[in-house]
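See structure below.
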Amino acid sequence: MDAFTTHRGIVAPLDRANVDTDQIIPKQFLKSIKRTGFGPSAFFDWRYQIDGTPNPEFELNKPRYAERSILLTRNNFGCGSSREHAVWALAQDGYRAIVAPFRGEGDDHIPGFADIFKNNCSKNGVVTIELSEAAVEEIFQAVFAEEGLEATVNLEDQKLILHKASGDMVYSFEYDDSVKNKLVNGLDDIEESLQYMDDIKSFEQTHDTWMLS
Amino acid sequence: MAKTLFEKIWDRHLVRDLPDGTSLLYIDRHLVHEVTSPQAFEGLRLTGRNVRHPELTFSTMDHNVPTDENRLNIQDPISAAQVEALEKNCADFGINLYGIGDSRQGIVHVIGPELGITLPGLTMVCGDSHTSTHGAFGALAFGIGTSEVEHVLATQTLRQKKARTFKVEYTGKLSPHVHSKDMVLKLIGMIGTAGGTGSVFEFCGEAVRSLSMEARMTICNMSIEGGARAGLIAPDETTFEYITAKDRPFAPKGAELERALAQWRSLPSDPDAVFDRTLTIDASKIAPQVTWGTSPGMVIDVDQPVPGLNDVAGYSPADVRKALDYMGLESGQKMTDIRPDTIFIGSCTNSRIEDLRRAAAILKGRKKADSIKLLVVPGSHQVRLQAEAEGLDKVFKDAGAEWRWAGCSMCLAMNPDKLAPQERCASTSNRNFEGRQGAGGRTHLVSPEMAAAAAVEGHFVDIRTWNGGN
């Protein structure tokens with residue numbers, strides 16, 4: 001996996017909550033046995049009309065977002081199916097980072113991203129950034145107001161910097177240390193885990209899987 | 001220290017904590033299907049790695065397989081290629097495969113328990129979010145992405161962070177004809193589709209204890225619709241009876257079984273174990289549930305009207321508007337006036353023998369409404385045989401249903417069974433997302449009994465007060 005340190009790009013808004021992975025990549029594209037070629041199918045049912053031409057109503061199809069690489073959306077993005085194809089599609093469609101809001105605390109907490117999706121992003125170098133609802137709302141308004149608005153994702157410092165004409169706005173975000181280390185250094189999970197093969201073998205000596213031999 | 005069921009399973013599978021703050025967790029069973037595995041096997045080939053424990057890895061075909069009489073000849077060349085890829089991968093790496101035409105083939109989450117692959121206290125994964133189903137046995141089971149499938153194939157472990165624990169207690173007894181599907185939909189309506197994110201549910205209480213294994217699987221199956229990757233139910237005599245009553249080829253037997261039972265009996269959460277979050281639901285107050293929108297959290301009691309734009313907690317008026325437009329519904333409309341075109345009884349949520357028995361009990365001696373297309377799809381070949389031995393297939397056919405072969409069928413439209421645009425379906429499956437059952441299709445999630453009654457009447461009914469169409 002390529003290392004991720006910083007990335008600067010245009011921010012595009014997808015003003016919807018609970019976007020599920022069936023929307024991000026519909027089932028007919030899951031039949032592929034390859035890991036590539038999913039980009040043009042991202043958000044397929046929203047993105048294209050029945051005749052296959054781009055749907056002008058779909059916000060991400062607006063010419064001002066043609067060169068976008070940072071997706072701005074609402075909470076619980078990527079819920080539903082575990083299909084990693086959803087992340088492949090977004091990454092291959094040019095997205096390097098996704099920004100979504102968390103809401104509330106404790107029992108009322110609603111995260112920006114669904115668990116499996118977030119995990120899949122971390123395996124593919126796509127950075128998931130969770131900010132407060134107020135911050136995300138502020139960024140939405142800025143993106144609507146200013147064409148071509150860019151932002152920089154600085155993963156090492158855990159900062160999202162919005163480059164507004166009136167000056168930079170800086171948002172700090174929480175990020176899992178273990179995932180950060182992996183992304184910044186471009187580490188391979190399996191390669192790393194295989195280094196613990198002695199531990200795995202010794203665990204297997206006494207562990208009962210109840211499988212008939 | 002007192003421990004929850006989740007913590008006991010976690011501790012028993014912890015290979016070691018890693019310097020980066022994650023843990024290496026041992027995986028006892030890895031289920032594989034054709035859709036989410038080809039890229040993982042390709043990754044192994046590219047790096048020259050092998051499958052570490054093929055004997056702990058089990059494979060079947062379910063998403064792409066046709067369920068009609070022509071099921072052995074897949075017409076769609078891309079589906080056929082995916083199925084062939086799995087055959088080759090299983091042959092190359094020495095993995096058990098229950099392919100099309102095999103008497104043990106079926107939906108991966110139906111055959112696991114059926115064959116005794118699923119057992120209490122195990123860790124289980126599959127590249128499929130409904131792997132949570134197996135939690136009904138007290139196994140820690142969850143869905144993973146394809147990169148993680150490759151990781152498990154290569155190492156038999158996963159890198160994980162410990163989840164939070166979320167106890168959901170159902171007190172009291174269910175009303176007649178209200179069942180486990182209604183219990184879990186009710187929960188999702190209460191906490192939303194992100195309410196369980198980062199958590200593992202443990203379902204408990206009187207109403208859970210009295211459920212069969214099939215019904216428990218329905219609840220755990222939809223844990224992911226509540227945002228939790230896994231849901232657990234403590235194993236008890238009902239669990240042990242299920243495992244030992246029939247021949248389950250991969251379940252322990254004899255002295256080995258006695259040893260296993262002793263361990264399994266130590267699994268339930270200690271009485272004073274502390275959960276990160278607890279929610280209590282009075283099961284006696286749960287009404288039959290029907291979804292009205294495009295998210296499983298958009299669900300309501302069948303005797304209530306379609307909600308107004310501002311009446312849905314957790315969804316903005318704009319979200320509700322979008323969902324109603326997609327579904328072709330208006331606020332204030334009675335749910336019991338909604339007329340489906342198609343009824344789908346099947347999927348990893350509700351395609352087991354008990355689900356079919358419940359649907360058949362409603363349909364026996366009755367006919368579907370003329371306007372309705374009724375599809376009954378058993379979850380596995382074994383379920384199909386059992387249903388035919390009990391004469392259920394005849395009940396379904398006499399009612400005007402199509403009686404199919406095993407597969408995921410109309411749950412996700414990766415095979416020939418799918419909805420047309422704007423076609424309305426009462427479905428016993430788990431997801432009512434836009435386009436889930438076919439582009440433009442409209443899905444209402446319900447229990448098998450509610451689905452069967454809607455087939456008879458041509459519209460939804462309150463199964464508690466329904467007079468049987470007389």
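In what follows, chains are A, B, ... by sequence order, proteins preceding strands, each numbered from 1. Reckoned from all heavy atoms, side chains included, excluding hydrogens, waters and symmetry mates.
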**Complete:** B:A81 and A:I33 have their tightest heavy-atom pair at O-CG2, 4.4 Å
**Message:** Using side chain to side chain contact (heavy atoms under 4.5 Å, CB included), reason through A:E192 and B:H151 one step at a time and then give a plain yes or no.
**Reply:** CA-CA 10 Å; A:E192 227 188 318; B:H151 192 285; over 6 Å; no
**Asked** Is it the backbone or the side chain of B:A163 that comes under 4.5 Å from a heavy atom of chain A, or both, or neither?
**Response** neither
**Item:** Toward chain A, the part of B:H13 with a non-hydrogen atom under 4.5 Å
**Value:** both
**Asked** Taking the side chain as C-beta and beyond, is there a heavy-atom pair between A:T209 and B:Y26 under 4.5 Å?
**Response** yes
**Asked** Is there any residue in residues 131-138 of chain A with a non-hydrogen atom under 4.5 Å from a non-hydrogen atom of chain B, and which ones are they?
**Response** none
**Request:** Could you tell me the separation between the OG atom of A:S82 and the CZ atom of B:F142, rounded to the nearest 0.5 Å?
**Result:** 11.5 Å
**Asked** Is it the side chain or the backbone of B:K322 that comes within 4.5 Å of chain A heavy atoms, both, or neither?
**Response** side chain
**Message:** Out of B:P421, B:G21, B:A413, B:S37, return the one with the most heavy atom pairs under 4.5 angstrom to chain A.
**Reply:** B:A413
**Prompt:** Among A:K118, A:H85, A:H109, which has the most heavy-atom pairs under 4.5 Å with chain B?
**Reply:** A:H85
**Message:** Is the shortest side-chain heavy-atom distance between A:D189 and B:S147 below 4.5 Å?
**Reply:** no
**Item:** Closest heavy-atom pair and its distance - A:I110, B:A194
**Value:** CG2-CB, 3.8 Å
**Request:** Run the salt-bridge test on A:K182 and B:D20 with the 4.0 Å N-O cut-off and return the result as yes or no.
**Result:** no
**Asked** Taking atom OG1 of B:T47 and atom CG of A:L194, what is their separation to the nearest 0.5 Å?
**Response** 8.5 Å
**Asked** Between B:D276, B:L56, B:T36, which shows the greatest number of heavy-atom pairs under 4.5 Å with chain A?
**Response** B:L56
**Request:** Go through the atoms of A:F113 and report whether side chain, backbone, both or neither lie under 4.5 Å from a heavy atom of chain B.
**Result:** backbone
**Complete:** If you tally heavy-atom pairs under 4.5 Å between each of A:A114, A:C79, A:S81 and chain B, the highest tally belongs to A:S81
**Asked** Atom CD of B:Q39 and atom CH2 of A:W88: how far apart are they, to the nearest 0.5 Å?
**Response** 3.5 Å
**Prompt:** Under a 4.5 Å heavy-atom cut-off, does chain A meet the side chain of B:E256, its backbone, both or neither?
**Reply:** both
**Request:** Applying side chain to side chain contact (heavy atoms under 4.5 Å, CB included), run through B:T157 and A:Y196 and close with a yes or a no.
**Result:** CA-CA 10 Å; B:T157 66; A:Y196 298 103; over 6 Å; no
**Request:** Among the options B:H130, B:H63, B:K161, pick out the one with the most heavy-atom pairs lying under 4.5 Å from chain A.
**Result:** B:K161
**Asked** With a 4.5 angstrom heavy-atom cut-off, which part of B:I117 approaches chain A: side chain, backbone, both or neither?
**Response** neither
**Request:** Could you tell me which portion of B:P249 (side chain, backbone, both or neither) has an atom closer than 4.5 angstrom to a non-hydrogen atom of chain A?
**Result:** backbone
**side chain to side chain contact (heavy atoms under 4.5 Å, CB included) between B:K253 and A:L212, worked out** = CA-CA 9 Å; B:K253 292 167 188 69; A:L212 310 176; 4.2 Å; yes
**Message:** Taking side chain as everything from C-beta outward and backbone as N, CA, C, O, which of these in B:I224 sits under 4.5 Å from a heavy atom of chain A? Side chain, backbone, both or neither.
**Reply:** side chain
**Complete:** Bottom line for B:R259: the part with an atom under 4.5 Å from chain A's heavy atoms is both
**Request:** Considering non-hydrogen atoms only, spot the tightest contact between A:S32 and B:P38 and give its length.
**Result:** O-CG, 4.4 Å
**Request:** Considering non-hydrogen atoms only, spot the tightest contact between A:K31 and B:I78 and give its length.
**Result:** CB-CG2, 3.6 Å
**Request:** Tell me, out of B:E42, B:E150, B:E225, who's got the most heavy-atom pairs with chain A below 4.5 Å.
**Result:** B:E150
**Asked** Where on B:E34 is there a heavy atom nearer than 4.5 Å to chain A: the side chain, the backbone, both, or neither?
**Response** neither
**Message:** Give me the atom names and distance for the closest heavy-atom approach of B:R159 to A:S193.
**Reply:** NH1-OG, 2.9 Å
**Closest non-hydrogen atom pair between A:E84 and B:E148, with its separation** = OE1-N, 4.5 Å
**Request:** Examine whether an atom of B:L279 lies under 4.5 Å from a heavy atom of chain A, and if so say whether it belongs to the side chain, the backbone or both; otherwise answer neither.
**Result:** neither
**Message:** With a 4.5 angstrom heavy-atom cut-off, is it the side chain or the backbone of B:T146 that approaches chain A, or both, or neither?
**Reply:** both
**Message:** So for A:N119, is it side chain, backbone, both, or neither that comes closer than 4.5 Å to the heavy atoms of chain B?
**Reply:** side chain
**Message:** Any donor-acceptor pair under 3.5 Å linking the side-chain atoms of A:N76 with those of B:T193?
**Reply:** yes
**Fill in**
Expected contact set for residues 17-27 of chain A against chain B at heavy-atom separation under 4.5 Å reads A:A17, A:N18, A:D20, A:D22, A:Q23, A:K27
**Message:** Are A:L30 and B:L412 packed together at the side-chain level, in the sense that at least one heavy-atom pair is separated by less than 4.5 angstrom?
**Reply:** no
Table please: side-chain donor-acceptor pairs of residues 53-61 of chain A below 3.5 Å, with sequence neighbours left out.
| residue | atom | partner | partner atom | Å |
| --- | --- | --- | --- | --- |
| A:T53 | OG1 | A:Q49 | NE2 | 2.8 |
| A:T53 | OG1 | A:D51 | OD1 | 2.6 |
| A:T53 | OG1 | A:D51 | OD2 | 3.4 |
| A:N55 | OD1 | A:E57 | N | 2.9 |
| A:N55 | ND2 | A:W46 | O | 3.1 |
| A:E59 | OE1 | A:R16 | NH2 | 3.1 |
| A:E59 | OE2 | A:D15 | N | 3.4 |
| A:N61 | ND2 | A:R47 | O | 2.8 |
| A:N61 | ND2 | A:N55 | O | 2.8 |

**Item:** Part of B:N430 within contact of chain A (heavy atom distance under 4.5 Å)
**Value:** neither
**Item:** Those residues of residues 198-208 of chain A, ordered by number, that approach chain B below 4.5 Å (heavy atom to heavy atom)
**Value:** A:D199, A:I200, A:K201, A:F203, A:E204, A:H207, A:D208
**Request:** Specify which of B:G198, B:C126, B:A318, B:A439 makes the most heavy-atom pairs with chain A at under 4.5 Å.
**Result:** B:G198
**Request:** Determine the option with the most heavy-atom pairs under 4.5 angstrom with chain A, choosing from B:H53, B:R52, B:R229, B:R164.
**Result:** B:R52
**Residue B:E434 versus chain A: region with a heavy atom under 4.5 Å** = both
**Asked** Which value, rounded to the nearest 0.5 Å, describes the distance between B:D76 atom CG and A:Q28 atom CD?
**Response** 10.5 Å
**Request:** Would you check if A:M211 and B:R29 make a side-chain contact, meaning some heavy-atom pair closer than 4.5 Å?
**Result:** yes
**Item:** Heavy-atom neighbours of A:I50 CD1 exceed 12 at 6.0 Å
**Value:** no
**Fill in**
If one checks every heavy atom of B:A85 against chain A at 4.5 Å, the contacting part turns out to be side chain
**Message:** Any non-hydrogen side-chain atom of A:R74 less than 4.5 Å from a side-chain atom of B:S316?
**Reply:** no
